[in-house]
A.B. asks: 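Below: one structure in structure tokens.
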Number of protein chains: 2
Amino acid sequence: MSILSKLSFKDQAFKLREDAILDAATRILAGKGFDLMTMDDVALEVGLSKPSLYKHFKSKEDLVGEAMIRLLDGALDFLARQNTADSPVGRLSGLLEWAMRVRLDGGLPFLPSASPQVRDMLTRNLRYVTKVLKLNGQLEKIVQAGKKAGELRSDLPDDVILFSYYARTCDPAVEYLRLYSKMDTEAIIAHMLGVCFDGIGRNSPSR
Amino acid sequence: MSILSKLSFKDQAFKLREDAILDAATRILAGKGFDLMTMDDVALEVGLSKPSLYKHFKSKEDLVGEAMIRLLDGALDFLARQNTADSPVGRLSGLLEWAMRVRLDGGLPFLPSASPQVRDMLTRNLRYVTKVLKLNGQLEKIVQAGKKAGELRSDLPDDVILFSYYARTCDPAVEYLRLYSKMDTEAIIAHMLGVCFDGIGRNSPSR
DNA sequence: AATTTTGTTTACTGTATGGTAGATTTTTTA
DNA sequence: TAAAAAATCTACCATACAGTAAACAAAATT
């Protein structure tokens, strides 16, 4: 075994631990949110002591930032794997479904929806912002294509459509339906997609 | 001036101070959310010292609960003043517009959307829960009437429609549009109403 | 095996904050 | 105006938590 492969093995172990920490942080974040998540929680969940976390992430903000970045990477990856020949609304719909599934599976919601502090924190994270802008750029193109194809409302500005779309990924309605209705994951996803594109008004939705 | 009217005057002053505290708490809550709001913040904003707050509210949770209850009272009041002859969607639309306007005016969002801790806290507040159930009952009737009249999608269960409707009152899209678009309050409200009832899909909305 | 290096942990610091006791001021009453 | 009552504030406590220093253990290197 060469020195190189040994190093690489060590690095792999390091990376594995890092992923485990991010997994734990993600679970706890999804469960109680940023403010109630303590670094001791994360350490306990992942089976390390707190100072070890700080070998990987220089602060709580950094840790959460990385967790959000990993989520964005997942979204960008999903987009990249999509067939670009699919219809714009089909692509948006697919990504939204993916995001809902991640969330209902114990993952994070996409947007730091409510808390201004979390939003500000992420805004200060350059790598996060860069990825958000990249994702936003790609989605904006899809939205424009969708408008041209008559699949999306052309009376709404792009940013209204985009922000409303993003908001659906962290829609509290999902959480309330999960808690207080008897629907299963699939029914919730189907309904939320319907509400996103067709709203709650009128009969006979398009999809 | 009789003893009674003096007492009543003192009570009025007390009530005024209480309202001032609730106003301050509401502003701060809207600005930084529950976790970052400290009792010292509130005391400073309202011009009292912290212990004086505790003459009115027995805890931070209690204070925030009362602020939310005041908001619910406003909504119930708005509903009560509506013309019951109006169309169901007209009534829902009017209330949503009211809620958006409250929020954009520095008020609170309706639902404790994101934070599970805040949701749990309010769930333990009996007076709050009672009012939520009352409001929910009234809105459910309107939703059912709307479905019957063909103004609301009858393929969606009542609770999907209701939770999606509530979610619009605290939709983060509003915040993002306010921050990152050049729309004014009226344009934001108009678009958000459109998105709520018609979604973002297809052309030519109904309203 | 001795030495260095790396990683981990225990035990701690500093700060923020919800809440309170008791002194102090203001207002009311007589 | 003096005594009593009410309201308010200063100064504090206890707790929780992000982050760290230094002791300790494990592994790698010689």
Side-chain angles (χ1 to χ4, degrees), chain A residues 1-21 24-25 28-29 31-67 115 117-118 120-122 124-125, chain B residues 1-21 24-25 28-29 31-67 115 117-118 120-122 124-125:
Chain A
M1 198 184 266
S2 76
I3 290 175
L4 255 177
S5 69
K6 269 185 190 171
L7 276 175
S8 142
F9 176 78
K10 237 176 64 179
D11 285 354
Q12 274 180 15
F14 189 86
K15 182 88 180 98
L16 279 177
R17 244 171 303 146
E18 197 153 294
D19 270 344
I21 295 173
I28 296 169
L29 275 177
K32 30 179 172 172
F34 180 79
D35 306 298
L36 260 82
M37 179 187 98
T38 73
M39 292 302 263
D40 288 300
D41 285 338
V42 179
L44 191 74
E45 171 101 3
V46 79
L48 290 172
S49 69
K50 191 163 53 166
S52 293
L53 301 186
Y54 285 88
K55 292 285 173 196
H56 293 264
F57 306 96
K58 75 175 208 297
S59 66
K60 183 181 176 185
E61 297 202 352
D62 186 40
L63 169 57
V64 172
E66 290 304 317
S115 164
Q117 75 197 108
V118 178
D120 291 354
M121 171 188 98
L122 291 172
R124 273 179 268 121
N125 185 325
Chain B
M1 198 185 266
S2 77
I3 289 176
L4 256 179
S5 68
K6 271 186 190 171
L7 275 175
S8 143
F9 176 76
K10 235 175 67 177
D11 284 354
Q12 273 180 14
F14 190 84
K15 181 87 179 102
L16 279 178
R17 243 172 305 146
E18 197 152 294
D19 270 344
I21 295 173
I28 296 169
L29 275 177
K32 32 181 175 173
F34 179 79
D35 306 298
L36 260 82
M37 179 188 99
T38 74
M39 292 302 264
D40 287 300
D41 284 338
V42 180
L44 189 74
E45 171 101 3
V46 79
L48 291 172
S49 69
K50 192 162 54 167
S52 293
L53 300 186
Y54 285 88
K55 293 284 175 199
H56 292 265
F57 305 97
K58 75 175 208 298
S59 67
K60 184 182 174 184
E61 297 202 353
D62 186 41
L63 169 57
V64 173
E66 291 303 317
S115 164
Q117 76 199 99
V118 178
D120 291 353
M121 171 188 99
L122 291 172
R124 273 177 269 121
N125 186 325

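Reminder, nothing fancy here: chain letters follow the sequence lines and each chain counts from 1.
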A.B. asks: Report yes if a donor N or O on one partner sits less than 3.5 Å from an acceptor N or O on the other, where the partners are the side chain of K60(B) and the base of dG19(C); otherwise report no.
C.D. replies: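 Per atom types, no contact qualifies.
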A.B. asks: Should R124(A) and E61(A) count as side-chain neighbours, where that means a heavy-atom distance under 4.5 Å?
C.D. replies: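 In short, these two side chains touch, coming nearer than 4.5 Å.
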A.B. asks: Output the rounded distance in Å from CG (L36(A)) to C1' (dT17(C)).
C.D. replies: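 The distance from CG of L36(A) to C1' of dT17(C) comes to 14 Å, rounded to the nearest Å.
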A.B. asks: Find the distance I28(A):CD1 to dA18(D):P and express it as a whole number of Å.
C.D. replies: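 After rounding, the reported distance stands at 11 Å.
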A.B. asks: State which of dT8(D), dA21(C), dA11(C) makes the closest approach to the side chain of P51(B).
C.D. replies: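 Minimum distance to the P51(B) side chain belongs to dA21(C).
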A.B. asks: If you take all heavy atoms of K60(B) and D35(B), which pair is closest and at what distance?
C.D. replies: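 Scanning both residues completely, I find the closest heavy atoms to be NZ-O, 4.0 Å.
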A.B. asks: Has the side chain of K55(B) got a donor or acceptor atom sitting under 3.5 Å from an opposite partner on the base of dA7(D)?
C.D. replies: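 No such pair is found, so the answer is no.
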A.B. asks: Under 4.0 Å between any heavy atoms, over every strand shown, what does S52(A) touch: base, sugar-phosphate, or nothing? Just pick one.
C.D. replies: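 Touches a base.
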A.B. asks: If you define the side chain from C-beta out and look only at heavy atoms, does anything of M39(A) sit under 4.5 Å from L63(A)?
C.D. replies: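 Touching, per the 4.5 Å side-chain cut-off.
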A.B. asks: Mind checking S49(B) for me? I need base, sugar-phosphate or nothing, with any heavy atom below 4.0 Å counting as a touch.
C.D. replies: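 Answer is base: heavy atoms of S49(B) come under 4.0 Å of a base.
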A.B. asks: Could you state the interatomic distance from CG (L29(A)) to CG (L36(A)), rounded to the nearest 0.5 Å?
C.D. replies: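 Taking CG in L29(A) and CG in L36(A), the distance rounds to 11.0 Å.
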A.B. asks: Using the closest heavy atom to pick a nucleotide of DNA chain C for each, name whichever of Y54(B) or L48(A) lands nearer the 5' end.
C.D. replies: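 So the residue in question is L48(A).
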A.B. asks: Output the rounded distance in Å from CG (D35(B)) to P (dA16(D)).
C.D. replies: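 For the pair D35(B) CG and dA16(D) P, the rounded distance is 16 Å.
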